[in-house]
Amino acid sequence: MKSKIICILAFFFFFVSSLTFAQKDTVHAVAVKAKLKGYPVSPFKDTLFYVYNNVGSFSAENRANAISEKIKKLYEDSFFDPDSLEVVSSDISEDITYKGDFILMSILENDAKVENQTKAFVAKRNAALIKRAVIYQNENYSQLPKRLGYTALLIFLIGLMLFVVNKIFNWVKLRILKKSDKYFKGIAYNNINILTAQKQQFLSMKLFGFIKVIVLIFIVYLSLPVLFSIFPATEVYTTTLLRWILTPAKLAVMGFVGFLPSLVTIFVIIIIFRYSIKIIKFFFDEIKKENIKIDGFYSDWAMPTFNIIRFLMFAFMLVIIFPYLPGSDSDIFKGVSVFVGILFSLGSSNAIANMVAGLVITYMRPFKIGDFIKIGDVSGEVIEKTALVTRIRTPKFEDITIPNATVLSSTSTNFSANTKHSTNGLLIHTTVTIGYDVPWTAIHKALIIAASKTELTEKTPEPFVLQTSLDDFYVSYQINVYTKEPTKQPRIYSSLHQNIQDSFNEAGIEIMSPHYNALRDGNTTTIPSDYLDKDYETPSFNVKNKS
C-alpha cells in the first residue's frame with residue numbers, strides 16, 4: 001500500500017514539474033518575443049508572418065524586406081508552379097525554395113525558439129502562407145493578361161517599325177535610281193577607269209540592300225530585350241542580349257580611345273613622309289624637264305629613280321608605323337607576318353629577278369618607249385616598260401611581252417638610237433647579186449637611182465653602194481640609204497626593192513643570179529616586155545661550123 005502511494009506521489013511530482021518547466025519555457029519565449037521587435041513580411045499589403053532575429057550583419061528588417069521582394073518575384077512569374085515551392089532541410093536551417101535553386105528564406109534555430117516551435121513547423125507554416133498568398137494574388141490580380149497585351153502591342157509596333165523602315169529604304173532607292181545619271185558617273189583616278197557608271201550603280205545598290213538588311217536585323221535585335229523584359233521568366237535574357245552588343249561595342253570604343261595617341265602619331269608620320277615625297281618628286285620632275293642638270297645623270301633616269309626612292313621611303317615609313325599598330329606585338333600578328341614573308345620569298349623569285357633586271361635595264365638605257373628595237377627574233381616598237389616586263393608591238397601589230405630577265409640576257413638592237421635631228425639617221429641596206437658580164441658602174445648608177453626614188457629616206461647624205469663580195473658566178477652589190485623612220489622599215493624596204501627592179505629594168509640589166517641559168521641564144525630576155533623596144537625580137541638559136 002505504501003509503495004503505491006509513493007509511486008502516485010512521484011508521478012504527480014513529475015507532472016507538476018513538467019508543467020512548471022513548460023510554463024517557464026513559454027514564459028521565457030513570450031518574454032524573448034516581447035523583447036525582440038518583429039518585422040512583417042508583407043509583399044501584398046497583408047502581413048504573412050514576422051521576422052525577429054538578425055543573421056550576422058543582416059538585420060531582421062533587411063531579412064523581412066528581402067523575403068518580401070523574393071515573394072513578389074514569385075507573383076511576377078506568369079508561369080508560377082505552386083508544387084515547386086518546398087522546404088529543404090540542411091544542417092543548420094530549414095530552407096523554403098522554389099524550383100530547387102531559388103531560396104526564399106531560411107529558418108534558423110533562433111527563429112523557431114522565438115515562436116516556441118520547431119524549425120520544421122515554422123518552415124512548413126511559412127511555406128504554406130507564401131503559397132496561399134501567391135495563388136490568391138494570381139487568381140485575383142494576375143499580370144498575365146496585361147503582359148500578353150503588352151507583348152502583342154510591342155510585336156505590332158516592331159512590325160510597324162520594320163514596315164516603315166522598309167518603305168523608307170525602298171523610297172530612297174527609287175529616288176536614287178531615278179537620278180542615277182546624277183549620282184553615278186563612274187570612278188576614275190589618273191585617267192584610270194576604276195569603275196564604270198553601271199558597275200558603280202550595281203555595287204552601290206548591293207551595299208544599300210546590305211545596309212537595309214543590317215538595319216532591320218538591328219531593330220529586331222534591340223526589340224528583343226524589351227520583349228523579354230515583359231515576362232520575369234525571360235527577363236534574364238535581356239541582360240544577355242544587351243551584353244552581346246554592348247560588351248564588344250565597349251571593347252571597341254575603349255580600344256579605339258586607347259589607340260588614339262598611337263593614331264595621332266601615325267598621322268604625323270604619314271604627313272611628314274607625304275610632304276617629303278612631294279618635295280623629292282618636285283626635284284626629280286625638274287630633272288626630267290632638264291631644268292636641273294646633273295653631270296652623268298640622264299633625264300630619263302629621273303622617274304625610275306624617284307619610284308625607287310618612293311618605294312624605299314614607304315617601306316621605311318611602314319617600319320616606323322608598325323609598332324604603333326594595334327596587335328602588332330601579338331603572336332598571331334607575328335605568325336601571319338612570318339607566313340606572308342615565307343610565301344613572298346618562295347613564290348617571288350622569278351618576279352624579283354625580273355624586277356632587278358628591269359632596274360638594270362633602266363640605268364643601262366638600251367632603249368626607251370617608242371624606239372624600234374630587236375630582241376632575239378622579235379622586232380618592233382617599244383610600247384611599255386614595267387618593273388617586270390617589256391612590251392613590243394611588231395610591224396604586224398602583234399603585242400609581244402618579254403620578261404625583263406630575258407631582255408637583259410639577250411642581245412638587243414636599237415634601230416632608233418641614231419635617228420635624232422643631229423644625226424644622219426639609220427642606215428638601211430639590201431644586196432643584189434649581178435653577173436660579171438655587167439659593168440659595175442652601171443649597177444652602181446641603177447642602185448643609186450632606185451634609192452633616191454625610195455620614200456621615207458634621206459637625200460643627204462646621199463645613198464652609196466658597196467661591193468661586198470666577188471663570188472664564183474656573180475658580184476654582191478649592197479645599196480645603203482639613210483632614214484629617220486626606223487619604225488617604218490618594212491615599208492621602206494618594200495619601196496626600195498620595187499625601185500631596184502624598175503631601175504634595173506629601165507637600164508636593161510637582168511637580175512639573173514644566183515640560181516637563174518639560161519642560154520642567151522634562142523631565149524627571151526628576163527626584162528619585162530614593158531621595158532623592151534617595140535621592135536625587139538627573140539634571138540634565134542645559131543650553130544656555127546668552124547671546120
Side-chain angles (χ1 to χ4, degrees), residues 187-195 265-325 337 340-373 375 378 380-393 399-414 416-417 420:
I187 300 175
Y189 178 76
N190 289 341
N191 297 324
I192 300 175
N193 192 12
I194 299 175
L195 282 178
T265 304
I266 291 173
F267 277 135
V268 171
I269 294 173
I270 291 175
I271 291 172
I272 292 174
F273 273 88
R274 181 180 179 184
Y275 283 97
S276 299
I277 291 173
K278 284 189 174 182
I279 294 172
I280 295 173
K281 186 177 185 299
F282 172 78
F283 175 74
F284 279 102
D285 282 341
E286 293 299 307
I287 295 177
K288 181 181 178 181
K289 297 175 183 177
E290 298 185 351
N291 294 332
I292 298 177
K293 294 183 179 180
I294 301 176
D295 292 339
F297 192 91
Y298 299 95
S299 60
D300 56 342
W301 287 355
M303 296 316 297
T305 305
F306 167 72
N307 290 332
I308 294 172
I309 293 176
R310 181 174 60 178
F311 174 79
L312 294 177
M313 290 189 68
F314 274 125
F316 185 57
M317 182 183 69
L318 290 177
V319 171
I320 296 176
I321 290 176
F322 185 81
Y324 296 99
L325 296 177
S337 301
V340 172
I342 293 174
L343 288 181
F344 183 78
S345 300
L346 295 178
S348 63
S349 57
N350 291 332
I352 296 299
N354 285 321
M355 290 178 66
V356 173
L359 183 63
V360 173
I361 291 171
T362 298
Y363 288 96
M364 284 175 57
R365 304 177 70 240
F367 51 80
K368 59 181 181 296
I369 301 296
D371 284 354
F372 193 87
I373 66 172
I375 299 176
V378 179
E381 180 184 358
V382 180
I383 59 173
E384 185 180 8
K385 286 171 58 180
T386 67
L388 298 176
V389 298
T390 299
R391 288 188 174 86
I392 295 176
R393 179 166 294 165
D399 290 351
I400 299 177
T401 301
I402 306 175
N404 284 336
T406 303
V407 176
L408 186 63
S409 61
S410 303
T411 301
S412 61
T413 303
N414 191 340
S416 302
K420 304 297 182 182

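Excluded from the calculations below are hydrogen atoms, water molecules and symmetry mates; all remaining heavy atoms, backbone and side chain alike, are included.
Between T362 and W301, the shortest heavy-atom contact is O-NE1, 3.3 Å. Heavy atoms only, all atoms of each residue included: I321 and I270 are closest at CD1-CG1, 3.8 Å. The two atoms that bring I361 and V407 nearest to each other are CD1-CG1, 3.6 Å, heavy atoms only. Summarising the geometry of P366 relative to S412, their closest heavy-atom pair is CB-OG, 4.2 Å, with the distance given to 0.1 Å. When all heavy atoms are compared, the tightest approach of S410 to I375 is CB-CG2, 4.0 Å. Among all heavy-atom pairs drawn from A302 and I287, the shortest one is CB-CG2, 4.1 Å.
Scanning for salt bridge (charged side-chain N to carboxylate O under 4.0 Å, His left out) contacts around E286 gives an empty result, with sequence neighbours left out.
Looking only at side-chain heavy atoms (C-beta outward), D285 and F306 stay at 4.5 Å or farther from each other. Side-chain contact between I400 and I402 is present, with at least one heavy-atom pair separated by less than 4.5 Å. Here the side chains of Y324 and I269 are in contact, with some heavy-atom distance below 4.5 Å. Counting heavy atoms from C-beta on, the side chains of I280 and R310 never come closer than 4.5 Å. The closest side-chain heavy-atom distance from V382 to K368 is not below 4.5 Å. At least one side-chain heavy atom of I266 sits under 4.5 Å from a side-chain heavy atom of L325.
A cation-pi arrangement is absent between K281 and F284 under the rule of less than 6.0 angstrom and at most 45 degrees off the ring axis.
The pair D399-R391 does not count as a salt bridge, with every side-chain nitrogen at least 4.0 angstrom from each carboxylate oxygen.
Between S299 atom OG and K293 atom NZ the span is 9.0 Å, to the nearest 0.5 Å.
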